[in-house]
Amino acid sequence: MFYHSKDLQFNARVSKPDPRFARLLLEQFGGGNGELKAAMQYFVQAFSCRNPYPDKYDMLMDIATEEFSHLEIVGATIQMLLDGVNGELKDAADGEEIMQVMGGKGDKEEFIHKALYNPQFCVLTGGGPSVTDSNGYPWSGAYVNANSDLTVDLRSNIAAESRAKIVYEYLLQFTDDPSVKETLRFLMTREVTHFQQFEAALDTIQPNFPPGILQGDPRYSNQYFNMSSGEDFRGPWNEGISTRLDEEWQYIENPQECVKSTNGLLEVEPEGTDRTEKTVQNINKELARARSKEVKSATPETNLQWSKYERK
């Protein structure tokens with residue numbers, strides 16, 4: 001059950017209207033890395049972990065709800081940045097008024113003319129925010145990543161918070177309004193907060209690498225293919241020990257020759273690792289049983305009920 005408070009989570013303010021920046025800010029209202037995407041992603045992800053991970057369900061719903069409040073902050077800021085546009089469009093008694101606006105005649109008309117850089121504000125929304133990105137493309141459910149595997153979803157969320165944070169970082173460069181900057185900095189900081197929360201939640205699920213349940217084939221899990229000509233670079237991504245599986249990287253200098261000599265990699269033997277196909281299969285079975293048991297033991301087979309209500 002959602003309950004709306006009419007007060008914003010953060011006291012958003014605008015020093016003066018700025019229709020041009022309002023268009024840019026739409027990216028965080030209905031864009032692919034915006035607040036609506038985050039809210040819907042965490043909201044959808046929460047359902048599948050309601051029974052096996054009630055603590056993560058609680059966290060995802062809390063953060064999803066906060067993201068909706070951030071959407072409200074962004075929408076309110078856009079509306080304030082468009083102050084005056086809606087009023088002019090409502091004055092439809094004289095059709096010549098809009099034509100004067102389009103021509104940029106006078107200070108007030110010039111101000112409205114700037115809003116027309118994004119026709120969505122005037123033609124479709126009448127001077128308010130729209131559920132689109134900054135170029136007017138409608139928000140899409142395709143933005144939402146939800147795989148019903150918490151180790152995958154939490155990693156998607158960490159990436160989502162990273163992208164949203166950098167968008168706010170870029171937006172800060174396009175406004176001189178100190179009040180708007182303060183709002184953007186608050187929203188940007190909350191992305192950093194959520195990043196840490198998702199990261200901490202992921203750490204409580206062990207094992208959580210690789211994502212999902214099935215382990216990788218030990219023949220290929222530590223191979224690095226040198227797939228380009230020119231100057232080659234070496235680093236912890238292709239030499240030494242791998243970060244999670246603790247395997248020694250095998251640098252394949254000539255991938256084409258390697259593929260030919262091993263019958264398309266079918267005749268490769270594991271190198272630089274203690275893992276074998278047998279140990280991998282054993283881990284697969286054990287982890288599959290454990291994860292399945294988590295879900296089944298937490299979910300009743302009959303008389304399902306999402307909530308329990310205490311009557312007074």
Looking only at side chains, do [X] and [Y] share a donor and an acceptor under 3.5 Å apart?
X: His70; Y: Gln28; value: no
X: Gln45; Y: Asn157; value: yes
X: Asp177; Y: Ser15; value: yes

So do the side chains of [X] and [Y] get within less than 4.5 Å of each other, counting heavy atoms only?
X: Tyr170; Y: Leu24; result: no
X: Pro17; Y: Leu81; result: no
X: Trp139; Y: Met40; result: yes
X: Thr276; Y: Pro218; result: no
X: Thr273; Y: Leu245; result: no
X: His194; Y: Glu199; result: no
X: Arg23; Y: Arg20; result: no

Counting only N and O atoms by type, is there a donor-acceptor contact under 3.5 Å from the side chain of Asp153 to the main-chain atoms of Asn147? yes
Ignoring hydrogens and geometry, is there a side-chain-to-backbone donor-acceptor pair from Asn263 to Leu266 under 3.5 Å? no
The remaining residues in the hydrophobic cluster of Val280, counting side-chain heavy-atom contacts under 4.5 Å among Ile, Leu, Val, Met, Phe, Trp and Tyr, are none
Tracing side-chain contacts under 4.5 Å among Ile, Leu, Val, Met, Phe, Trp and Tyr outward from Leu154 reaches Tyr42, Tyr53, Met59, Leu60, Ile63, Leu150, Ile158, Phe195, Phe198, Leu202, Ile205
Sorted by chain and residue number, the salt bridge (Lys or Arg N to Asp or Glu O under 4.0 Å) partners of Arg289 (sequence neighbours excluded) come out as none
Note to self: Less than 4.0 angstrom from a charged side-chain N to a carboxylate O is my criterion; do Lys165 and Glu161 meet it?
What the structure shows: no
Less than 4.0 angstrom from a charged side-chain N to a carboxylate O is my criterion; do Arg275 and Glu247 meet it? yes
Measure the acute angle between the ring planes of Phe2 and Phe68, then classify it against the limits of 30° and 60° as parallel, tilted or perpendicular. perpendicular
- Given the rule in the salt bridge (Lys or Arg N to Asp or Glu O under 4.0 Å) test, do Glu269 and Arg219 qualify, once you have shown the distances and angles that lead to the verdict? CA-CA 6 Å; Glu269 293 294 333; Arg219 293 177 295 175; over 6 Å; no
What about Trp306 and Phe43, same hydrophobic cluster or not, with Ile/Leu/Val/Met/Phe/Trp/Tyr joined at side-chain heavy-atom distances under 4.5 Å? yes
Is it possible for you to say whether Val268 and Met227 belong to one hydrophobic cluster, with membership spreading through side-chain heavy-atom contacts below 4.5 Å? yes
- [ ] Take atom CG of Asp274 as the centre, draw a 6.0 Å sphere, and report whether it contains more than 12 heavy atoms from other residues, nucleotides or ligands.
- [x] no
- [ ] Please confirm whether Arg185 makes a cation-pi placement over Tyr168, using NZ or CZ under 6.0 Å from the six-membered ring centre and within 45° of the ring normal.
- [x] no
